[in-house]
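The block underneath contains the structure these notes are about, expressed in structure tokens.
Quick caveat: nothing in here was measured; it's all calculated off a predicted structure. Note: hydrogens, waters and symmetry copies are ignored here, and every other heavy atom, side chains too, is used. If you read the sequence from its start, that first residue is 1, and numbering goes on from there.
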Amino acid sequence: MILELAIIFLILLFGSFIQGVSGFGFGLIAMSFLPLMFTVKESTLLVVSLALVLSVSIAWQLFKHIEWRSLVVILSAALVGRVGGFFILHHFGELDILQVFLGVFLICVVVYLFKSKPPKPDTKVNGTWLPIVLGLAGGLIGGVFAVGGPFFVFYFLLLFHHNKYSYSANLQVTFVATAVMTVTLHGVNGDFSLGFLGYFAVGLVSVLIGSRLGVALFAKLSQQNIKKIAAIVVAIAAANLMVTALL
């Protein structure tokens with residue numbers, strides 16, 4: 001039991017540190033390993049609950065950089081997507097096949113992280129259909145697997161390529177709102193168990209330490225190098241997830 005808690009602590013510490021440095025990555029790291037120990041449903045609920053605490057912590061530190069008007073469209077779409085994600089996770093979250101779907105999605109994210117290039121300064125950002133599509137996709141995937149971050153990252157990198165603090169602050173607000181939606185829906189439907197509280201307590205300490213370390217080094221570390229390291233870790237874990245689920 002102690003060894004299990006120690007492993008969970010380290011996984012969540014690494015994930016929260018990555019999010020503190022790059023603005024996202026907690027869900028990607030955590031969901032690459034936790035489904036090896038729990039079901040996808042249990043893993044998602046733990047990660048989303050901790051992501052709420054983590055995002056509030058980071059958003060509070062970057063509060064003055066939030067640009068509320070830029071959040072209206074993508075956040076509205078994301079909340080609708082979260083409702084869809086709730087129904088899928090609530091009814092099918094115990095199925096092993098979800099691990100395969102999760103692994104495939106994680107591999108796709110890794111490919112994106114390695115191939116994506118910084119946006120051009122003169123890139124014009126669509127303010128209607130683009131945030132709606134990305135918001136719905138991010139909300140749905142995040143509601144099922146707790147890894148919807150890349151969709152929001154893509155949009156906010158385009159919107160705030162000139163200011164990494166505004167990028168991270170608005171990203172965290174989106175995570176906070178969508179996590180509140182997921183936790184509330186699953187809480188009302190009785191999807192949380194008493195055993196969840198012990199893991200949450202361990203994770204809470206972990207994410208508070210990891211996020212503060214990440215934010216403290218935010219201005220000093222190269223975000224691109226951090227993302228590449230995280231991508232390699234995610235790729236290995238994703239392959240392991242798929243193999244484990246299929247055997």
Side-chain angles (χ1 to χ4, degrees), residues 15-16 18-28 48 51-52 54-85 105 108-143 145-182 211 214-215 217-228 230-231:
S16 56
I18 294 297
Q19 179 144 334
V21 171
S22 65
F24 85 111
F26 175 66
L28 287 173
V48 170
L52 175 57
L54 174 60
S55 297
V56 167
S57 174
I58 299 175
W60 180 258
Q61 297 175 70
L62 301 174
F63 188 82
K64 65 181 180 180
H65 299 284
I66 298 172
E67 297 189 23
W68 298 101
R69 294 177 65 180
S70 67
L71 292 168
V72 175
V73 178
I74 191 168
L75 191 52
S76 299
L79 293 177
V80 173
R82 278 294 168 117
V83 174
F105 179 76
C108 291
V109 172
V110 169
V111 173
Y112 165 75
L113 289 175
F114 275 113
K115 289 188 172 294
S116 63
K117 298 179 180 179
K120 297 179 181 179
D122 58 346
T123 301
K124 186 176 181 179
V125 183
N126 180 281
T128 52
W129 65 264
L130 183 61
I132 289 175
V133 171
L134 294 176
L136 285 171
L140 181 65
I141 297 297
F145 298 123
V147 290
F151 296 97
F152 304 121
V153 167
F154 178 80
Y155 180 69
F156 288 122
L157 276 178
L158 287 176
L159 203 59
F160 300 114
H161 59 83
H162 59 291
N163 188 332
K164 68 178 183 179
Y165 292 98
S166 292
Y167 149 75
S168 186
N170 286 273
L171 188 60
Q172 302 315 312
V173 172
T174 304
F175 290 156
V176 169
T178 52
V180 167
M181 172 69 83
T182 294
S211 65
V215 171
L217 296 175
F218 183 57
K220 300 179 181 179
L221 297 180
S222 166
Q223 289 178 287
Q224 291 302 316
N225 289 336
I226 288 291
K227 288 178 183 178
K228 288 179 180 179

Practice problem: Would you check, one step at a time, whether the test side chain to side chain contact (heavy atoms under 4.5 Å, CB included) holds for Val173 with Trp68? | Solution: CA-CA 9 Å; Val173 172; Trp68 298 101; 3.9 Å; yes
Quiz prompt | Audit row: Thr128, Val73, side chain to side chain contact (heavy atoms under 4.5 Å, CB included) steps and yes/no | solution = CA-CA 7 Å; Thr128 52; Val73 178; 6.0 Å; no
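Ile132 and Ala77 make their closest contact through O-CB, 3.5 Å (heavy atoms, listed as atom of the first residue, atom of the second, distance). Minimum interatomic distance between Val147 and Phe105 (heavy atoms only, all atoms of both residues): O-CE2, 3.3 Å. Summarising the geometry of Phe26 relative to Ser16, their closest heavy-atom pair is CD1-N, 3.4 Å, with the distance given to 0.1 Å. The shortest heavy-atom contact between Leu62 and Ala169 is O-CB, 3.4 Å. For the pair Leu134 and Phe152, the tightest heavy-atom approach, listed with the atom from each and the gap, is O-CE2, 4.2 Å. The two residues Ser70 and Leu159 come nearest to each other via the heavy atoms CB-CD2, 3.6 Å.
Inter-residue side-chain proximity for Tyr167 and Val153 is flagged as met; some heavy-atom pair is nearer than 4.5 Å. Looking at Leu71 and Phe156, their side chains come closer than 4.5 Å, going by heavy atoms from C-beta outward. Put simply, the side chain of Leu130 reaches to within 4.5 Å of the side chain of Leu158, judged on heavy atoms. The shortest side-chain heavy-atom distance between His65 and Phe160 does not fall under the 4.5 Å cut-off.
The CG atom of Leu28 sits 12.5 Å away from the CZ atom of Phe145 when rounded to the nearest 0.5 Å. Interatomic distance, OG of Ser57 versus CG of Leu52, reported as 11.0 Å (0.5 Å rounding). Between Asn170 atom CG and Tyr155 atom OH the span is 9.5 Å, to the nearest 0.5 Å. Here the CZ-CG distance, from Arg82 to Leu136, works out to 12.5 Å after rounding to the nearest 0.5 Å. We find the CG-OG distance between Leu157 and Ser168 to be 10.0 Å, quoted to the nearest 0.5 Å.
Although no hydrogens or angles enter the test, the distance criterion places no donor-acceptor pair under 3.5 Å between the side chain of Ser166 and the main chain of Asn163. The backbone N or O of Phe175 sits less than 3.5 Å from a side-chain atom of Thr178, completing a donor-acceptor pair.
Relative orientation of the Trp60 and Phe63 rings is tilted, given thresholds of 30° and 60° on the angle between their planes.
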